[in-house]
Engineer: 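A single structure is presented below for examination.
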Amino acid sequence: MKPLPQQIQHLIREAILAAQQDGTLPVFDLPEISVNPAKKADQGDYGSPVALALAKPAGKKPLDIADAIKLHFPQADFLQSVEVAPPGFVNFRLSENWVRQQVRTIIAAGETFGQQDIGHGKKAQVEFVSANPTGPLHIGRTRGAILGDTLANLLMECGWTVEREYYFNNAGAQMTLLGNSLKARYLQSLGQDAELPENGYQGDYLITVAEELKAEVGSAWMQADWKPFKEYAEARIFKMIETTLARVGIKFDHFFNEQFVYDDQSVWEVLEQLRSKGFIYEAVTREGAAEDELDKARKENLTKPAVWFRSTQLGDKEDRVVVKSNGEPTYVLPDIAYHINKLGRGFERIIDVFGTDHIIEAQTVARGLQALGYDASKVDVVLHQFVTFGENKMSTRAGNYVTLDDLIDEVGRDVVRYFMLARSADSHLDFNFEKAKEQSNENPVYYIQNAHVRCCGIFRQVEQNGYPENWDEGADLSLLGAGELAFIRKALELPEQLVFAYENLAPHQIAFWALDLARVFHPLYDDVRVLHSEVPEALARARLQFYRMARVVFVRVLGIMGMTAPERM
RNA sequence: GUCCCUAUAGCUCAGAGGAUAGAGCGUUGGCCUCCGGAGCCAGAGGCGCAGGUUCGAGUCCUGCUAGGGACACCA
């Protein structure tokens with residue numbers, strides 16, 4: 001089902017064109033027609049301010065334009081009325097009969113209710129988490145993880161074939177340090193007097209890994225250098241990360257090692273292509289460097305040239321180093337190669353989920369793609385603000401962090417997911433760990449899930465009382481009351497909510513809508529009884545059909561957010 | 001210093017240029033013998049400040065104030 005506002009929008013367009021055709025309205029270019037859900041009951045279900053916006057181009061009063069739209073409005077089975085309200089709104093009321101019939105439509109659609117075919121099955125990729133395997137995922141990674149996974153869900157719901165990818169780097173100084181840190185822990189576990197390297201990884205997890213290693217190889221590795229330790233640690237840590245992610249319902253389709261773009265030489269090819277297009281120069285300092293920067297270079301005795309990407313030609317405020325003076329590329333170059341690799345794998349849409357600290361990186365990669373003539377518009381970057389935890393500052397190396405596992409232990413998968421989703425990505429998230437624990441008894445997660453639980457309870461009761469499974473089939477839906485209709489209308493918003501969240505890459509919209517939906521549901525529950533001495537059978541069957549539909553919708557919305565829909569709590 | 005994000009109810013946050021700005025938590029008062037009370041009903045409580053654009057601004061623009069982040073030959 002296409003979103004109703006979109007359907008109405010098309011009808012308005014037709015109405016305006018028809019009015020222009022017969023001269024009721026003058027000819028002008030059609031603007032963007034907005035259709036919004038009504039805020040008040042007497043405004044119908046949807047409304048459009050289009051006539052207000054047209055006043056100037058049409059040279060007519062908004063009310064007259066609205067009247068013309070109403071007059072020329074095409075027949076539509078889902079609409080009951082089109083009304084004009086001052087100062088020029090056009091309001092639409094859904095047909096009650098049509099709304100009632102949607103109960104069956106939604107039940108029939110089931111798991112596919114609300115799905116859209118925007119992507120036409122084309123390939124999309126969402127890259128997220130992408131933490132290097134130096135330790136367990138800390139709580140700061142949670143937001144990007146949940147955000148990325150839910151964005152992937154949204155793309156799937158909108159008709160894309162989605163791959164979830166995790167990009168990592170297992171080379172470099174940090175990984176060497178990790179190897180040396182594990183080596184120290186290993187020697188310690190053998191009773192040796194070893195010290196962690198300076199700034200080494202102090203977390204207890206390496207002690208655990210060292211114990212496991214000792215159990216496997218005994219003292220055989222005592223003379224080994226950092227490399228096998230690095231590899232062992234990396235493998236173990238990836239396992240930990242995957243296990244943790246699985247606990248919040250996240251599973252990656254692919255892990256991409258940065259090393260790949262070195263192995264296939266593409267990182268160097270990218271450099272040569274940039275060079276051939278004139279985007280590369282070699283210098284000790286960037287072109288047009290300010291005086292203080294030159295001073296700094298002198299002080300640090302920089303004499304060997306680095307390789308610079310002339311990103312200023314593409315609107316950057318300064319050029320960026322792509323190969324350090326020691327000959328090693330900076331992160332930017334492999335990252336550009338990586339994105340070219342993604343495009344080469346046929347993804348029509350690529351979404352990168354990063355913390356806002358990666359904004360420069362994201363921009364530089366985009367400029368790199370642009371410089372080489374790739375379609376950078378296929379890449380969308382979703383940046384999220386950080387989660388803060390009161391006074392607790394965390395660092396992986398210092399080991400004084402709360403892990404994602406700890407968080408899941410405390411509040412559970414669904415609370416983790418919902419809390420991370422229930423605010424927009426560019427809003428700073430203040431996650432008070434203590435408060436989250438306290439709230440776990442009284443929070444929106446349970447409120448939403450309880451709506452599903454209540455539906456399930458009804459079906460259990462019906463079954464226990466010996467009614468047939470299809471008892472409600474063919475029920476007379478005209479018996480449903482105003483409260484039920486209000487809920488069905490709300491449920492029918494799923495397609496538009498989905499599309500809106502998808503278009504804006506804003507999963508929090510769904511989180512808020514889910515809460516809205518539950519808020520329409522719960523007040524009904526007390527009054528809309530199914531098995532009750534005063535409810536006649538025909539009504540009971542109609543209501544059961546209604547709850548069957550409600551259950552579908554709650555399963556859907558919870559599923560989109562990656563949350564479970566428990567049958568009991 | 002420059003750039004990015006944020007500022008809405010006591011707290012945490014929604015709000016898609018349109019009509020009388022919403023929710024959760026907290027708080028105050030009420031409700032419930034039948035499908036799980038993790039419930040329902042009602043009340044109090046409001047757009048950081050100053051300009052501007054617009055028929056219309058919480059929403060767009062400028063400045064100011066406050067908080068977070070980025071300004072590496074780290075990833």
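Throughout, a chain's letter reflects where its sequence line sits, starting with A, and its residues are numbered from 1.
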Engineer: OP1, OP2 of B/rC35 versus side-chain N and O of A/R529: anything below 4.0 Å?
Structural biologist: yes
Engineer: Quick check against the 3.5 Å criterion: does A/E484 have a side-chain atom that pairs as donor or acceptor with the backbone of A/G481?
Structural biologist: yes
Engineer: Taking A/Y166 as the fixed residue, which of A/F256, A/F238, A/F128 is the one that meets the ring pair (Phe, Tyr, Trp, His ring centres under 6.0 Å) rule?
Structural biologist: A/F238
Engineer: Which base sits across from B/rC13 as a Watson-Crick or G-U pair, both distances under 3.5 Å?
Structural biologist: B/rG22
Engineer: Just the rounded figure in Å: distance from C1' of B/rG36 to OH of A/Y525.
Structural biologist: 6 Å
Engineer: In whole Å, I'd like the distance from the CZ atom of A/R551 to the P atom of B/rG36.
Structural biologist: 14 Å
Engineer: Classify A/S533 by what it touches in the nucleic acid, base, sugar-phosphate, or nothing, heavy-atom distance under 4.0 Å.
Structural biologist: base
Engineer: Report which part of the nucleic acid A/A306 touches: base, sugar-phosphate, or nothing (heavy-atom distance under 4.0 Å, all strands).
Structural biologist: base
Engineer: Where the side chain of A/E258 is defined as all heavy atoms beyond and including C-beta, which of B/rA75, B/rG36, B/rG69 is the nearest nucleotide?
Structural biologist: B/rA75
Engineer: What distance, rounded to whole Å, do you find between the two P atoms, one in B/rG45 and one in B/rC11?
Structural biologist: 16 Å
Engineer: Rounded to whole angstrom, note down the C1' distance from B/rC31 over to B/rG67.
Structural biologist: 43 Å
Engineer: Look at the side chain of A/Y331 and decide which nucleotide, out of B/rC71, B/rA75, B/rC73, has an atom nearest to it.
Structural biologist: B/rA75
Engineer: Assign the ring pair A/Y167 / A/Y338 to parallel, tilted or perpendicular, where the plane angle (0 to 90°) is split at 30° and 60°.
Structural biologist: parallel
Engineer: With rounding to whole Å, what would you report as the distance between B/rA16 and B/rC4 at their C1' atoms?
Structural biologist: 23 Å
Engineer: Considering heavy-atom distances to RNA chain B, does A/A518 or A/A283 have its closest nucleotide positioned more toward the 5' end?
Structural biologist: A/A518
Engineer: So does A/A51 get a backbone contact from the side chain of A/K60, meaning a donor-acceptor N/O pair under 3.5 Å?
Structural biologist: no
Engineer: Using whole Å, report how far NE2 of A/H384 lies from P of B/rU6.
Structural biologist: 15 Å
Engineer: Run the salt-bridge test on A/E234 and A/K230 with the 4.0 Å N-O cut-off and return the result as yes or no.
Structural biologist: yes
Engineer: Measure the distance from CG on A/D426 to P on B/rA16 and round it to the nearest whole Å.
Structural biologist: 12 Å
Engineer: Atom pairs, N/O to N/O, protein against nucleotides 20-23 of chain B, distance under 3.5 Å?
Structural biologist:
| residue | atom | partner | partner atom | Å |
| --- | --- | --- | --- | --- |
| B/rU20 | N3 | A/K40 | NZ | 2.5 |
| B/rU20 | O4 | A/K40 | NZ | 2.8 |
| B/rA23 | O3' | A/R519 | NE | 3.4 |
| B/rA23 | O3' | A/R519 | NH1 | 3.4 |

Engineer: Among B/rC35, B/rC40, B/rG18, which nucleotide sits nearest the side chain of A/Q461?
Structural biologist: B/rC35
Engineer: Across all strands, who's sitting opposite B/rA42 as a Watson-Crick or G-U wobble pair, both distances under 3.5 Å?
Structural biologist: B/rU28
Engineer: Could you check A/D319 against A/Y281 for side-chain hydrogen bond (donor to acceptor under 3.5 Å, both in side chains), going step by step and ending with a plain yes or no?
Structural biologist: CA-CA 10 Å; A/D319 293 337; A/Y281 61 92; 2.6 Å; yes
Engineer: B/rG58 and B/rG48: how far apart are their P atoms, nearest whole angstrom?
Structural biologist: 10 Å
Engineer: Using atom CG of A/N504 as one end and atom P of B/rA16 as the other, report the distance to the nearest whole Å.
Structural biologist: 9 Å
Engineer: So, OP1 or OP2 of B/rA14: does either fall under 4.0 Å of a side-chain N or O from A/S427?
Structural biologist: yes
Engineer: Looking only at the side chain of A/M569 (C-beta and beyond, no hydrogens), which of the listed nucleotides B/rA75, B/rA38, B/rA16 gets closest?
Structural biologist: B/rA38
Engineer: Donor-acceptor pairs are to be reported for all side-chain atoms of residues 31-42 of chain A against protein atoms at under 3.5 Å, with residues two or more places apart or in another chain.
Structural biologist:
none

Engineer: Give one of base, sugar-phosphate or nothing for A/E496, where a contact means two heavy atoms less than 4.0 Å apart.
Structural biologist: nothing
Engineer: Where the side chain of A/S325 is concerned, which of B/rC73, B/rG36, B/rU12 is the nearest nucleotide?
Structural biologist: B/rC73
Engineer: Let's test this: given Watson-Crick or G-U wobble pairing with both distances under 3.5 Å, identify the partner of B/rG1.
Structural biologist: B/rC71
Engineer: Please determine whether any donor N or O and acceptor N or O are separated by less than 3.5 Å between the side chain of A/N91 and the base of B/rA19.
Structural biologist: yes
Engineer: Atom CD1 of A/I359 and atom P of B/rU6: how far apart are they, to the nearest Å?
Structural biologist: 11 Å
Engineer: Could you give the CD1-to-P distance, from A/I448 to B/rA38, as a whole number of Å?
Structural biologist: 17 Å
Engineer: Checking all strands, does A/V453 fall into the base, sugar-phosphate, or nothing category for heavy-atom contacts under 4.0 angstrom?
Structural biologist: nothing
Engineer: Return the pairing partner of B/rU33 with a 3.5 Å limit on both distances, Watson-Crick or G-U wobble; otherwise return none.
Structural biologist: none
Engineer: Is the distance from OP1 or OP2 of B/rC55 to the nearest side-chain N or O of A/K56 less than 4.0 Å?
Structural biologist: yes
Engineer: Contact class for A/A422 (heavy atom, under 4.0 Å): base, sugar-phosphate, or nothing?
Structural biologist: sugar-phosphate
Engineer: Heavy atoms from C-beta onward define the side chain here; which of B/rC73, B/rA38, B/rC40 lies closest to that of A/V284?
Structural biologist: B/rC73
Engineer: Any idea which of B/rC35, B/rA70, B/rG36 is nearest the A/V530 side chain?
Structural biologist: B/rC35
Engineer: Are A/S34 and B/rG17 close enough that a side-chain N or O sits under 4.0 Å from OP1 or OP2?
Structural biologist: no
Engineer: Sticking with atom C1', work out how far B/rA50 lies from B/rU2, rounded to a whole angstrom.
Structural biologist: 24 Å
Engineer: For the CZ atom of A/R543 and the CG atom of A/L531, what is their distance to the nearest 0.5 Å?
Structural biologist: 11.0 Å
Engineer: When only distance counts, do a donor and an acceptor, one from the side chain of A/H428 and one from the base of B/rG69, lie under 3.5 Å apart?
Structural biologist: no
Engineer: Is a salt bridge present between A/D352 and A/K342, judged by a nitrogen-to-oxygen distance below 4.0 Å?
Structural biologist: yes
Engineer: Where the side chain of A/N341 meets the backbone of A/A337, is there a donor-acceptor pair that is under 3.5 Å apart?
Structural biologist: no
Engineer: Hey, are A/R454 and A/H522 close enough side-chain-wise for a donor-acceptor pair under 3.5 Å?
Structural biologist: yes
Engineer: Please work out if A/Y447 contacts a base, only the sugar-phosphate, or nothing of the nucleic acid, heavy-atom cut-off 4.0 Å.
Structural biologist: sugar-phosphate
Engineer: Identify the nucleotide, in any strand shown, that forms a Watson-Crick or G-U wobble pair with B/rU62, with both distances under 3.5 Å; if there is none, say none.
Structural biologist: B/rA50
Engineer: Which part of the nucleic acid, if any, lies within contact of A/R454, taking any heavy atom under 4.0 Å across all strands shown: a base, the sugar-phosphate backbone alone, or nothing?
Structural biologist: sugar-phosphate
Engineer: Over all strands shown, is A/H358 touching base, sugar-phosphate only, or nothing at heavy-atom distances under 4.0 angstrom?
Structural biologist: base
Engineer: How far does the C1' atom of B/rG1 sit from the matching atom of B/rC60, given to the nearest Å?
Structural biologist: 27 Å
Engineer: Assess whether atom CD of A/E463 is packed by more than 12 heavy atoms of other residues, nucleotides or ligands within 6.0 Å.
Structural biologist: no
Engineer: Looking at B/rU2, B/rA72, B/rC40, which one has an atom nearest to any side-chain atom of A/D526?
Structural biologist: B/rC40
Engineer: Start at the 5' end of RNA chain B and walk down; is the nucleotide closest to A/Q509 or to A/D527 reached first?
Structural biologist: A/Q509
Engineer: Can you tell me how far P of B/rG36 sits from CG of A/N450, to the nearest Å?
Structural biologist: 10 Å
Engineer: Could you work out the separation of B/rC3 and B/rC40 based on their P atoms and round it to a whole Å?
Structural biologist: 49 Å
Engineer: Taking only the C1' atom of each, what is the distance from B/rG46 to B/rG10 in whole angstrom?
Structural biologist: 12 Å
